[in-house]
Amino acid sequence: MAALTSITQADVEKLCVTDTYNSSIIPSLEAYLNQSVASASPYSFQATKTLLKFYSFFPTVLNPPNSLKAMLLSLADFPTGNFGVLTFIVQPNESTQLQTYTERLNTIMRWGELIETGDFVTFWAEFGEEQLSDKSRGVDDLPLTTLFPGFASALRSSILQTLSLTFKKMPVAQFNKFLNVSGVDIAPKSDVVDGVEGDCVAFRPVAGVNDVRSKVENVGASFNLVSKVL
């Protein structure tokens with residue numbers, strides 16, 4: 001069978017609409033998934049969700065590596081909430097033949113809990129342990145940190161964006177722990193970081209979200225105005 005040519009996000013998402021229940025689009029969905037993992041195409045929640053639904057509906061076509069890649073891609077898209085949606089579609093499989101897959105999936109679920117509750121420090125510690133374990137694993141062992149090599153970088157960008165929407169400044173020490181980096185490594189390269197000011201990392205305001213707004217005056221409402229609504 002000839003290898004699939006590159007598929008665009010628009011084309012794959014069109015297939016998700018026109019061929020929602022047609023399993024023949026699975027190869028196209030898988031091709032797009034792997035393009036996204038290779039950073040050759042943007043992440044598509046619609047395409048990812050559709051592929052995982054097919055895996056759920058038709059267990060015989062389940063591709064464990066691709067299923068894990070899909071979950072990692074979604075987790076790296078934090079904090080959209082897409083990962084939480086997919087956890088209702090992808091469930092651990094009790095089959096002994098899929099024991100390794102289930103173990104890796106449970107690991108991703110655990111990471112999701114840590115990331116979505118803001119426990120980034122614990123996540124990075126466990127991610128580091130997984131990296132060490134993956135060094136002795138073969139392809140059949142489904143090593144998570146090599147299935148999606150860009151996962152840590154993609155997630156770090158998402159966490160950084162989230163921090164920039166939450167804080168104006170953050171101590172460098174805390175910043176380093178949350179992103180598992182040295183402040184000087186990432187701060188000058190990020191478009192949401194202004195730089196290091198003393199012992200703090202300063203984030204760049206995002207218009208309409210975390211920019212400085214003027215104080216709102218006269219927030220009270222007059223009795224005459226309220227009485228018209230009662």
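One-based numbering along the sequence shown.
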### Query
Between S164 (side chain) and Q161 (backbone), is there a donor-acceptor pair under 3.5 Å?
yes
### Query
Under 3.5 Å, is there a donor-acceptor pair between the side chain of N106 and the main chain of T102?
yes
### Task
Would you please say whether a donor-acceptor pair under 3.5 Å links the side chains of Y32 and E13?
no
#### Entry: Closest non-hydrogen atom pair, F203 against F167
CD1-O, 3.3 Å
### Message
Under a 3.5 Å cutoff, is there a donor and acceptor pairing between the side chains of D119 and T117?
### Response
no
### Task
For E130, check salt bridge (charged side-chain N to carboxylate O under 4.0 Å, His left out) against everything at least two apart and list the hits.
R137
### Main-chain N/O of S24 paired with N22 side-chain donor or acceptor, under 3.5 Å
yes
### Query
What is the distance from atom SG of C200 to atom CD of Q174, rounded to the nearest 0.5 Å?
9.5 Å
### Task
Rounded to the nearest 0.5 Å, what's the gap from CG on D194 to NZ on K168? Could you check?
10.0 Å
### Query
How far apart are the C-alpha atoms of W124 and K177, what are their side-chain angles, what is the distance that settles it, and do they pass the side-chain contact (heavy atoms from CB on, under 4.5 Å) test?
CA-CA 8 Å; W124 287 117; K177 289 180 180 179; over 6 Å; no
#### Entry: Closest non-hydrogen atom pair, F78 against E116
CE1-CA, 4.0 Å
### Message
Test side-chain contact (heavy atoms from CB on, under 4.5 Å) on W111 and M71; report intermediate values, then the result.
### Response
CA-CA 11 Å; W111 289 353; M71 294 302 287; over 6 Å; no
### E126 side, atom CD; L114 side, atom CG - distance, nearest 0.5 Å
5.0 Å
### Task
Go through the side-chain N and O atoms of D134 and T146 and say whether any donor and acceptor fall under 3.5 Å apart.
no
### Message
If we count only N and O atoms by modelled type, under 3.5 Å, do the side chains of D77 and S74 hold a donor and an acceptor together?
### Response
no
### salt bridge (charged side-chain N to carboxylate O under 4.0 Å, His left out) partners for E197, two or more places apart
K169
### Query
Is it true that a side-chain atom of T166 and a backbone atom of T162 form a donor plus acceptor pair closer than 3.5 Å?
yes
### Between CD1 on residue I25 and CG on residue L51, distance to nearest 0.5 Å
9.0 Å
### Query
From I108 CD1 over to L86 CG, what is the distance, rounded to the nearest 0.5 angstrom?
11.0 Å
#### Entry: Which atom of L62 lies closest to which atom of P64, heavy atoms considered
O-CD, 3.4 Å
### Message
When you measure from the side chain of Q35 to the backbone of I7, do you find a donor-acceptor pair of N or O atoms at a distance under 3.5 Å?
### Response
yes
### With K14 via salt bridge (charged side-chain N to carboxylate O under 4.0 Å, His left out) - residues at least two apart
none
### Query
Of all heavy-atom pairs between A70 and L33, which one has the smallest distance, and what is that distance?
CA-CD1, 3.8 Å
### Task
Please work out which of the three classes, parallel, tilted or perpendicular, describes the rings of F54 and F58, given edges at 30° and 60°.
parallel
### Query
Just by modelled atom types, is the N63 backbone N or O under 3.5 Å from a matching donor or acceptor in the N66 side chain?
no
### Taking every non-hydrogen atom, the tightest pair across C16 and T50
SG-OG1, 3.4 Å
### Query
Distance-only, no hydrogens or angles: does the N180 side chain make a donor-acceptor pair with backbone N or O of N176 under 3.5 Å?
no
### Query
Ignoring hydrogens and geometry, is there a side-chain-to-backbone donor-acceptor pair from T48 to S44 under 3.5 Å?
yes
### Over all atoms of both residues, closest heavy-atom pair of P143 and V139
CD-O, 3.9 Å
### Query
Side chains of F120 and R156: closer than 4.5 Å at any heavy-atom pair?
no
### Task
For the pair F151 and F123, name the ring-plane relationship: parallel under 30°, tilted 30 to 60°, perpendicular over 60°.
perpendicular
### Task
Please assess Y43 against N82 for the test side-chain contact (heavy atoms from CB on, under 4.5 Å), listing each intermediate value before the final yes or no.
CA-CA 11 Å; Y43 168 72; N82 292 339; 4.0 Å; yes
### Query
Is there a side-chain contact (heavy atoms from CB on, under 4.5 Å) between F83 and I115 once you walk through the steps?
CA-CA 11 Å; F83 178 79; I115 292 168; over 6 Å; no
